[in-house]
Amino acid sequence: MGLTRQSGTKEGMADVFNVEKLNGNEAVIALAGNPNTGKSTVFNALTGLHQHTGNWPGKTVTNARGNYRHRDCDFILIDLPGTYSLLASSIEEQVARDFICFGNPDATIVVTDATNLERNLNLVLQVMELTDNVIMCVNLMDEAKRKNIEVDASGLSIELGIPVVTAAAREGTGLCELMDCVYDVAAGKLKPHPKRMKYEEDIEGALKNIMPRLSEYIEDEIKARWIALRLLDGDKTIIDSIKEYMLGTGEILL
Ligand SMILES: Nc1nc2c(ncn2[C@@H]2O[C@H](COP(=O)(O)OP(=O)(O)O)[C@@H](O)[C@H]2O)c(=O)[nH]1
Ligand SMILES: [Mg+2]
């Protein structure tokens, strides 16, 4: 079985980010996370020697991408820059945000530090607000054990509405479960239902005004909502990104 990508535009988007497909049928998986959560350790363990690094198109931010095969399917794994947020206050955050938003990965893994979940959940919640296909990987479980920290992965999964996999990537624990989970999400066999924030009435009202004006450019309602929230935040970089990734050099009338 091959994992089929859902729409023609996805291919185009992936091209903008220089995601090179060997057989055109690979699932594209983004790897996000705070710095030092073991993202690159997961990336290396999954892709081994099948990886290369370069820069993000037009940016001086390093980009690592690699391939792996699991069960009967091929995957392209994109190691995003480590970030605490997706609110684009740094170039790294902008790169991570743009790839998750406009690169349309089939799934996004957020690698987190089991000993520091409270801080790490900020990014998880932000990714959940931007896309359905999120998997939380709670890494450094060996460290957590050493510090007598217990993590209730199934409780977290229920609370967040997304799959949660525990791992100790440096010793290779949990990686098979992670790949199984990624496979199921990318193939549509497992559908995450991320719980989302409902804002105060005036914000929700403003969103209702903005979203229809975005629908011409952005079909996906979750993304349109997220972009509308950024516009309400006064984040001008999102307009540049829409121009760059959705309209070529065209004009956007907002
Ligand atoms: N104890 C422990 N250390 C880990 C684990 N995963 C990664 N590390 C270590 O944590 C440090 C940061 O890992 P790295 O993969 O570079 O993190 P990144 O910044 O998220 O890419 C390195 O020293 C890794 O060897 C783990 O599961 N357990
Ligand atoms: Mg890294």
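All figures in this text were calculated on a predicted structure; none of them were measured in a lab. All ligand and atom numbering here is 1-based and tracks the order in the structure.
Atom 27 (O) of ligand 1 has Ala169 N, 2.9 Å as its closest protein atom, hydrogens excluded (heavy atom only). Of all protein heavy atoms, the one lying nearest to atom 9 (C) of ligand 1 is Arg170 NH1, 4.1 Å. The shortest contact between atom 24 (C) of ligand 1 and any protein heavy atom is with Thr41 OG1, 3.8 Å.
Counting non-hydrogen atoms of neighbouring residues, nucleotides and ligands closer than 6.0 angstrom, the NZ atom of Lys145 reaches no more than 12 such neighbours. Within a 6.0 Å sphere centred on CD of Glu204, other residues, nucleotides and ligands contribute more than 12 heavy atoms.
One hydrophobic cluster, built from ILVMFWY side chains closer than 4.5 Å, holds both Met197 and Ile162. Under the 4.5 Å side-chain heavy-atom criterion for Ile, Leu, Val, Met, Phe, Trp and Tyr, Leu232 and Ile227 are members of the same hydrophobic cluster. Linking Ile, Leu, Val, Met, Phe, Trp and Tyr residues whenever their side-chain heavy atoms come within less than 4.5 Å places Phe102 and Ile210 in a single cluster.
Of the possible polar contacts, one joining the Asn120 side chain to the Asp113 backbone as a donor-acceptor pair under 3.5 Å is found.
Distance check on atom 1 (N) of ligand 1: some protein heavy atom falls below the 4.0 Å cut-off. For atom 22 (C) of ligand 1, the nearest protein heavy atom is 4.0 Å or more away.
Near Asn139, meaning under 4.0 Å from any of its heavy atoms, are these atoms of ligand 1: 5 (C), 6 (N), 27 (O). Remark: ligand 1 atoms within the under-4.0 Å shell around heavy atoms of Ala168 are 27 (O). Interface atoms of ligand 1 facing Ser40, defined by a heavy-atom separation under 4.0 Å, are 15 (O), 18 (P), 21 (O).
Using bins of under 30°, 30° to 60° and over 60° for the plane-to-plane angle, the ring pair His70/Tyr183 lands in the perpendicular bin.
Looking at Ala32, Ala144, Gly38, it is Gly38 that brings a heavy atom closest to atom 17 (O) of ligand 1. Taking only non-hydrogen atoms, the option from Leu80, Asn44, Asn36 nearest to atom 11 (C) of ligand 1 is Asn36.
Asp235 and Thr237 share a side-chain donor-acceptor pair at under 3.5 Å.
Residue Gly33 places every heavy atom at 4.0 Å or more from ligand 1.
With a heavy-atom cut-off of 4.0 Å, Lys39 touches ligand 1 through backbone and side chain alike. With a heavy-atom cut-off of 4.0 Å, Asp142 touches ligand 1 through its side chain alone.
Phe99 and Leu80 make their closest contact through CB-CD2, 3.8 Å (heavy atoms, listed as atom of the first residue, atom of the second, distance).
Each of Ile100, Leu125, Leu229 was evaluated against Leu130; a single residue qualifies, Ile100, per the side chain to side chain contact (heavy atoms under 4.5 Å, CB included) test.
Put simply, Thr41 stays out of reach of the Mg ion (ligand 2), with no N, O or S atom under 2.8 Å from it.
Any N or O atom pair closer than 3.5 Å counts here, and Met141 shares no such pair with ligand 1.
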